[in-house]
Asks: 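Sending over a structure as structure tokens; questions will come in a sec.
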Amino acid sequence: MTLLKTSLHDWHASHGGRMVDFAGWSMPVQYASIVEEHQATRKAAGLFDVSHMGRLRLDGPGAGFFLDKLLTRKVFDAAPGRIRYSLMCNDDGGILDDVLAYHLTDGDGGSYRYLVVNASNREKIVAWMQQHLRPEDQTTLTDVTLETAMIAVQGPQAFELTRPIIDAAAEGLSYYTGQETQITGVSGIVSRTGYTGEDGCELIVPATAAVELWDKLLAIGAPLGAAAVGLAARDTLRLEAAMPLYGHELSEQIDPWQAGLDFAINLKGREFIGSSVLRALSEQPRKLVRIGLQLDSRRVPREHFPVVAGETRIGEVTSGTFSPTLDRPIAMAYVPPDYAVPGTNLSIDIRGKLEPAVVIELPFYERSH
């Protein structure tokens, strides 16, 4: 299979990026040290090529109404500039994907909607949306992923990097807002969003402008301690921030209540695909819940490793890593609610040996600035 390549692929390959297949894309997993890339983001700024993420544009007077039929969170009433995290569920209430839903205004004052979806789910989500799109929805759906690039700038120095090259100062945006603006002289989108637990922004530009933007960001950021960051450190960062990852904490076999994403579900006075099931589930005790686990040993738990209470398997790890910030292994898992109380002592079966683990409140890391 021929892998898709982002506009920055050649830069990654020529600057020490170890390229791997990720959701059908050739992406850099790391450049040198995962820990150094992680710490650069926490202490200064990290630059992430996230162009593999799906970007879908919806135009037309019915775009907001159409999205409200598909998303667990109400977005029709979102003011221009607002961005909302939401879920898209199937008829059984299982999670098809988690998405960011933008309401944006173009240079002529026209309104449109924009979705950022997971790379692994882009084709599935496009097909799902087209399946439910009707002429009366007055909405045109366009997949703009391949003609655009997306770069995330994350960390306490993120705005020092972006201020000189973005007409609209990113730090002037409220969290989870965005707008069209000029970025390195071309029309693009800036949003105050991210997936690391740090403040920062994400920039969407035409694919042809990506290399120039990346080079400028690195040139400004190098004296500040900024670094290019690969997928491996992106994963350790998001896990410390307890952000769920599709295919791990989220899937079509997991409902939003189990995932602890109650804030992303608006049931009152509205119907959307899966809402009747989610409404019924909301009135039932939850069979499984997402928890955080912290270990004192240096052994790292990985996905599918059993979580054990006494001698009984009660669940399994969905994501695990060694936390550079906490200097110890951490994991997220699904277990019955009785075992989810912070301070509960459990074990994780790591290749045949039970390693003690304690339930802790999520997130593992929360920025203080």
Asks: If only side-chain N and O atoms count, and only distance matters, is there a donor-acceptor pair under 3.5 Å linking His103 with Ser111?
Replies: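 Per modelled atom types, Ser111 and His103 side chains form a pair under 3.5 Å.
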Asks: Can any side-chain N or O of Arg286 pair as donor or acceptor with the backbone N or O of Trp257 at less than 3.5 Å?
Replies: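 Between the backbone of Trp257 and the side chain of Arg286 there is a qualifying donor-acceptor contact (under 3.5 Å).
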Asks: Measure across Leu141 and Val126 and return the closest heavy-atom pair with its distance rounded to 0.1 Å.
Replies: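 Reported closest heavy-atom pair: CD2-O, 4.2 Å.
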Asks: Are Asp215 and Trp11 side-chain neighbours, meaning at least one heavy-atom pair lies under 4.5 Å?
Replies: yes
Asks: With sequence neighbours left out, which residue pairs that include part of residues 85-108 fulfil the salt bridge (charged side-chain N to carboxylate O under 4.0 Å, His left out) condition?
Replies: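 Qualifying pairs: none.
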Asks: Could you verify whether a donor N or O on one side chain and an acceptor N or O on the other, from Ser120 and Asn118, lie under 3.5 Å apart?
Replies: no
Asks: Can you tell me if Arg290 uses its side chain to pair, donor with acceptor, with the backbone of Thr318 under 3.5 Å?
Replies: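 Between the backbone of Thr318 and the side chain of Arg290 there is no qualifying donor-acceptor contact (under 3.5 Å).
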Asks: Looking only at non-hydrogen atoms, find the nearest pair between Pro324 and Thr236 and report the distance.
Replies: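 Residues Pro324 and Thr236, closest heavy atoms: CD-CB, 4.4 Å.
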Asks: With sequence neighbours left out, write down each residue that passes ring pair (Phe, Tyr, Trp, His ring centres under 6.0 Å) with Trp25, or none if nothing qualifies.
Replies: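 Ring pair (Phe, Tyr, Trp, His ring centres under 6.0 Å) list for Trp25, sorted by chain: empty.
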Asks: Is there a side-chain contact between Met129 and Leu58 (heavy atoms, below 4.5 Å)?
Replies: yes
Asks: Measuring from atom CZ of Arg163 to atom CD of Gln157, what distance do you get when rounded to the nearest 0.5 angstrom?
Replies: 9.5 Å
Asks: Treating Asp137 as the side-chain partner and Phe66 as the backbone partner, does any N or O pair qualify as donor plus acceptor under 3.5 Å?
Replies: no
Asks: Kindly indicate whether the side chain of Thr41, heavy atoms from C-beta on, has any atom under 4.5 Å from the side chain of Glu37.
Replies: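 In short, these two side chains do not touch, never coming nearer than 4.5 Å.
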Asks: List for me each residue that meets salt bridge (charged side-chain N to carboxylate O under 4.0 Å, His left out) alongside Lys124, sequence neighbours excluded, and say none if there are none.
Replies: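 Here the qualifying residues are Glu252.
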Asks: For Ala264, is there any backbone N or O sitting under 3.5 Å from a side-chain donor or acceptor partner on Thr72?
Replies: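 Side chain of Thr72 to backbone of Ala264, a donor-acceptor pair under 3.5 Å: yes, one is there.
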Asks: Flag the pair Asp199 and Arg192 as a salt bridge only when some basic side-chain nitrogen lies within less than 4.0 angstrom of an acidic carboxylate oxygen.
Replies: yes
Asks: How about Met150 and Phe48: do any of their side-chain heavy atoms sit closer than 4.5 Å?
Replies: no
Asks: Does the side chain of His38 come under 3.5 Å of the side chain of Ser323 through a donor N or O and an acceptor N or O?
Replies: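 On atom types as modelled, these side chains do not qualify, holding no pair under 3.5 Å.
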Asks: Measuring only between side-chain heavy atoms, which start at C-beta, is Arg328 closer than 4.5 Å to Asp296?
Replies: yes
Asks: Give every residue pair that meets the salt bridge (charged side-chain N to carboxylate O under 4.0 Å, His left out) criterion with at least one member in residues 202-214, sequence neighbours excluded.
Replies: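 Residue pairs with at least one partner in residues 202-214: Glu212-Lys216.
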Asks: Do Arg279 and Glu271 meet the salt-bridge criterion of a basic N to acidic O distance under 4.0 Å?
Replies: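 Salt bridge between Glu271 and Arg279, a charged N being under 4.0 Å from a carboxylate O: yes.
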Asks: Cation over ring, Arg42 on Tyr365, under 6.0 Å and within 45°?
Replies: yes
Asks: Kindly write out the residues that satisfy ring pair (Phe, Tyr, Trp, His ring centres under 6.0 Å) with Phe272, not counting sequence neighbours, or none if the list is empty.
Replies: none
Asks: Between Arg55 (side chain only) and Met53 (backbone N and O only), is there a donor and an acceptor less than 3.5 Å apart?
Replies: yes
Asks: Before accepting this row, confirm whether a basic side-chain N of the pair Asp77/Arg84 lies closer than 4.0 Å to the acidic partner's carboxylate O.
Replies: yes
Asks: Is there a path from Ile165 to Leu224 through hydrophobic residues (I, L, V, M, F, W, Y) whose side chains come within less than 4.5 Å of each other?
Replies: yes
Asks: Are any of the side-chain heavy atoms of Leu203 and Leu217 separated by less than 4.5 Å?
Replies: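 In contact.
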Asks: Which label fits Tyr112 and Tyr114: parallel for a plane angle under 30°, tilted from 30 to 60°, or perpendicular past 60°?
Replies: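 Rings of Tyr112 and Tyr114: perpendicular, over 60°.
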Asks: Using modelled atom types and a 3.5 Å cut-off, is there a donor and acceptor pairing between side-chain atoms of Arg234 and backbone atoms of Tyr195?
Replies: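 Checked: no pair found.
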Asks: Would you please name every residue forming a salt bridge (charged side-chain N to carboxylate O under 4.0 Å, His left out) with Glu147, sequence neighbours left out?
Replies: none
Asks: Say you draw a straight line from CG of Leu87 to CG of Leu96; how long is it, rounded to the nearest 0.5 Å?
Replies: 10.0 Å
Asks: Ser191 side chain to Thr177 main-chain N or O, any donor-acceptor pair under 3.5 Å?
Replies: no
Asks: Say whether Arg238 and Ser319, considering side chains only, have a donor N or O and an acceptor N or O under 3.5 Å apart.
Replies: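 On atom types as modelled, these side chains qualify, holding a pair under 3.5 Å.
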Asks: With a 4.5 Å cut-off on side-chain heavy atoms, are Leu161 and Leu47 touching?
Replies: yes
Asks: Main chain of Asp68, side chain of Arg270: is a donor-acceptor contact present, judged purely on distance under 3.5 Å?
Replies: yes
Asks: To the nearest 0.5 Å, what is the distance between CG (Leu104) and CD1 (Ile83)?
Replies: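 Spacing of CG (Leu104) from CD1 (Ile83) equals 7.0 Å.
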Asks: Do Val211 and Trp214 have side chains that approach each other closer than 4.5 Å (heavy atoms only, starting at C-beta)?
Replies: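 No, too far: nothing below the 4.5 Å cut-off.
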